[in-house]
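Heavy atoms only: backbone and side chains are in, while hydrogens, waters and symmetry mates are out. A note on names: the letters A, B, ... follow the listed sequences, proteins ahead of strands, and every chain is numbered from 1.
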There are 2 protein chains.
Amino acid sequence: MNIGEAATQAGLPAKTIRYYEDIGLVKPGRDANGYRAFIASDIHKLTFLARARALGFSIEDCRDLLALWEDTGRASADVRQIAEEHLARIESKIADLGTMRDTLRVLVRDCAGDDRPDCPILQTLGNPS
Amino acid sequence: MNIGEAATQAGLPAKTIRYYEDIGLVKPGRDANGYRAFIASDIHKLTFLARARALGFSIEDCRDLLALWEDTGRASADVRQIAEEHLARIESKIADLGTMRDTLRVLVRDCAGDDRPDCPILQTLGNPS
DNA sequence: CATAGGCCTTCCCGTCACTGGAAGGTCAAG
DNA sequence: CTTGACCTTCCAGTGACGGGAAGGCCTATG
């Protein structure tokens with residue numbers, strides 16, 4: 001299977017797949033003409049990667065998860081730890097963004113948004129004492 | 001005022017201030033020895049930038065906000081639009097992260113996290129049909 | 001006066017996970 | 001035989017800095 005169909009199957013851009021090969025996440029074979037030749041297990045890996053990335057895992061997390069996935073003797077604790085740390089980072093980011101959102105909502109609400117120059121948004125940014 | 005104290009006053013790393021000068025957000029003068037010389041208005045701008053960045057505005061948003069801030073004849077509608085668009089992006093990102101968090105929570109909850117290899121996290125990533 | 005060390009300067013590379021684009025090879029259809 | 005859709009590699013850019021090297025400047029102390 002060429003990279004185009006692999007991309008379709010895995011739901012990833014071809015560029016991304018080439019990048020994943022560059023950094024050693026997948027190692028497809030090659031046809032005589034130099035084209036990458038993806039087999040079922042490559043597609044399976046790419047699909048795994050696409051899903052892990054969609055859950056926000058970093059590339060390095062993905063590399064570790066992939067290794068654990070392929071190691072049938074792994075301990076689930078190792079997987080769980082990666083997921084828990086990632087979950088904590090996500091929750092922390094959500095909290096940060098929630099704070100920003102609350103502040104912005106107040107500012108937007110209080111801004112007339114008309115032709116006049118008075119603007120609590122700029123006022124707050126410039127002098128929030 | 002040298003960059004070190006400017007950094008302290010504005011609550012920004014010196015490196016960041018140099019970067020802001022590079023991209024034209026601030027234009028401090030120079031002393032005879034080549035050192036940057038920050039005056040009160042520079043500090044005020046940097047403080048403005050630090051706050052806008054803390055609210056998650058992009059550098060380009062900050063550039064626009066700064067221009068509006070300095071234009072005393074601006075229309076508050078222009079400011080409000082930038083803030084509203086940013087707010088929408090934040091809310092969208094919060095929603096995305098919330099979805100990730102929910103999925104991850106379920107996966108982590110269902111994973112024993114012990115020495116055994118069974119792991120619903122890897123199972124889901126590999127075969128979430 | 002020399003020196004130590006704490007500022008400051010510029011410059012360049014690295015981050016993260018791609019994305020865009022150029023220049024060129026390959027393949028199937030008409 | 002040409003067209004156009006694929007494929008290849010390589011290089012550069014993204015956003016918003018951070019690290020670190022190489023070197024100049026300033027102040028305080030011996």
Length of the [atom1]-[atom2] vector between [X] and [N], whole Å:
X: A/Asp61; N: C/dC16; atom1: CG; atom2: P; result: 12 Å
X: B/Arg53; N: D/dG18; atom1: CZ; atom2: P; result: 10 Å
X: B/Glu5; N: C/dG6; atom1: CD; atom2: P; result: 18 Å
X: B/Phe57; N: D/dG15; atom1: CZ; atom2: C1'; result: 17 Å

With 3.5 Å as the limit, what N/O pairs link the protein to nucleotides 1-6 of chain D?
none

Item to check | CD1 on A/Ile82 to CG on B/Leu122, rounded to 0.5 Å | outcome: 8.5 Å
Item to check | Nearest-0.5 Å distance, CG of residue B/Leu125 to CH2 of residue A/Trp69 | outcome: 9.0 Å
Next on the checklist: Below the 4.0 Å mark, does C/dC27 have OP1 or OP2 next to a side-chain nitrogen or oxygen of A/Asn33?
Outcome noted: yes
Next on the checklist: Does D/dT9 have OP1 or OP2 under 4.0 Å away from a side-chain N or O of A/Arg36?
Outcome noted: yes
Identify whether the distance between the nearest side-chain nitrogen and carboxylate oxygen of [X] and [Y] falls below 4.0 Å.
X: A/Arg36; Y: A/Glu21; result: yes
X: B/Arg80; Y: B/Glu85; result: no
X: A/Asp61; Y: A/Arg89; result: yes
X: A/Glu91; Y: B/Arg105; result: yes

Checklist entry - What residues in residues 14-31 of chain B put a non-hydrogen atom under 4.0 Å from any atom of DNA chain D? => result B/Lys15, B/Thr16, B/Tyr19, B/Tyr20
Next on the checklist: Under a 3.5 Å cutoff, is there a donor and acceptor pairing between the side chains of A/Ser76 and B/Asp114?
Outcome noted: yes
Item to check | Option from B/Lys15, B/Lys45, B/Arg53 for which side chain to side chain contact (heavy atoms under 4.5 Å, CB included) with B/Tyr20 holds | outcome: B/Arg53
